[in-house]
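Each ligand, and each atom within it, is numbered from 1 in the order the structure gives.
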Amino acid sequence: MKPGAQLVVVANRLPVKQIPDPDNAADFVWGVSPGGLVAALTPSLASYDDVAWVGWTGHIGVEMTERFRHDNMELIPVALTEDEKELHYDGMSNGTFWPLYHDKVRAPEFHRTWWDGYKLINRRFAEAVADAAAPNARVWIHDYQLQLVAGLLRETRPDLRVGFFLHIPFPPPELFNQLPWRTEITSALLDNDVVGFQTPDDAENFSRLAVGLGLASSEGKWALSADGRSIEVRAFPIGIDEETVAYKAKQHGVTTGASDLRAQLGNPRVVMLGVDRLDYTKGIDVRLRAFGELLAEGKLSSHDATMIQVAEPSRDKVNAYVDLRERVERLVGAINGAHGRLGFPVVHYLHQSRPFEDLLALYRAADVMLVTPFRDGMNLVAKEYVASRPDESGVLVLSEFAGAATELTDAVIVNPYDLNGLKAAIMSAVNMDPAEGRHRMRALQATVRHNDAVTWARSFLAALDAT
Ligand code: G6P
């Protein structure tokens, strides 16, 4: 066996993705990959030596397949053709698993061709991992796009210690059991030594499922037994690189960026902010409706309140995302049409991916942060906002259906399905007594600091080592 890495991380995306070069359409440059997975995992691996990361470059066409080094890691690209991307990424991952695991906020589709594509690509990732891993190495598999990898590795590389972490929610068996391939997915997940989830509820859902399908038996609260092996099944709530975020948020460029921004908006009394991938799970539409109704009822006025919504383009080949975009843009247009003034729209909508420094300036400029998903694994934007408020001002409005609500109990917690409740929560955030706001923010900051990205990765890998 040839030498390889001691720790192999495998995720659908590499931490960097190929994007078209603005100066030369035929070429590409590297940009940071989207989403919370990369945001948390990248800093958490900084202190480990000898790490390889297997993933997709996010691009079709100018494919690069050679390994390369980046941030002290060996990056190993996995190439996908257009057809394979349609079946594995747009289809099975984001047309079946994503909605099924997010409480069926949209109807999942079940197609046998997607499933075949999913198996094929999981096998390709597993082969790349088997090739990259040193004897007895640790392998850390991430997320719903790669749930079969452990099963395939157990056949070819039984020497490896293999763990899986799911970044999104895991549904109750009552929903999961609709999946035609429930047995294959559950068995492959049981081939890991550790299966980690964002919350204890997610872990319990999985254990209940595995036992209910007769594929495992319970070995105490956070352990299962299958095929004579023990599998640790529990929550490892993911965190952010709190220290770096807090440090960067205090820098001069960010502070002045934030005050320039408020000036550009006409220095309103209240700036509200949403930052999300443009995803139907995030509740962007519901928060716009709540804001629109508050303006219509005169509880807020365009002279003293402004909302900024950054919606990062996402999965634009999947129909449900195309529909959501139309819905959100129609709502923004309607609210601005009814309540904006010349030169002063009341909702500022950016369908763009912004550099992190720009997001920090937005976080610092925002008095109220709206994180209102219908369902979310964790939601790291909520944690980033908290970490970037050095003066302890600002109020976080947080959906009870985000994993973050399990930890961030000092936020203003809302049910995003209850429009009146959401409106009341927004008004209580807008009118919150500053002393109470600071008290809550201090508690939130302590939580985010205590459980950061490094702590998360260490505890997961320690659990893997202990198996
Ligand atoms: C979430 C998922 C990640 C995914 C990211 C971005 O954070 O948990 O697995 O990579 O969204 O989505 P995308 O489809 O662009 O990779």
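- Checking side-chain atoms of N122 against main-chain N and O of Y118 turns up a donor-acceptor pair under 3.5 Å.
- Ranking the protein heavy atoms by distance from atom 7 (O) of ligand 1 puts G36 N, 3.4 Å first.
- Taking the charged nitrogens against the carboxylate oxygens, E312 and R354 have no contact shorter than 4.0 Å, which rules out a salt bridge.
- The shortest N or O to N or O distance between Y89 and ligand 1 is under 3.5 Å.
- Looking at V38 against ligand 1, nothing comes within 4.0 Å, counting heavy atoms.
- Each of F197, W222, F176 was evaluated against F206; a single residue qualifies, F197, per the ring-ring contact (aromatic ring centres under 6.0 Å, His included) test.
- Relative orientation of the F165 and F236 rings is perpendicular, given thresholds of 30° and 60° on the angle between their planes.
- Across the listed options Q198, R315, H167, R315 owns the non-hydrogen atom lying nearest to atom 4 (C) of ligand 1.
- At a 3.5 angstrom cut-off on N or O pairs, R13 counts as close to ligand 1.
- Using a 4.0 Å heavy-atom cutoff, N12 is absent from the residues neighbouring ligand 1.
- Ring-plane geometry between Y349 and H351 is classed as parallel, the angle between the planes falling under 30 degrees on a 0 to 90 degree scale with a further cut at 60.
- The side chain of R277, and not its backbone, has at least one atom closer than 4.0 Å to an atom of ligand 1 (non-hydrogen atoms only; side chain from C-beta on).
- If you number the atoms of ligand 1 from 1 as listed, the ones under 4.0 Å from a heavy atom of L37 come out as 7 (O), 9 (O).
- Classification of the Y417-F374 ring pair by plane angle, with boundaries at 30° and 60°, yields tilted.
- Ligand 1 has a nitrogen or oxygen under 3.5 angstrom from a nitrogen or oxygen of D143.
- By the 6.0 Å and 45° rule, R315 stacks over the aromatic ring of W98.
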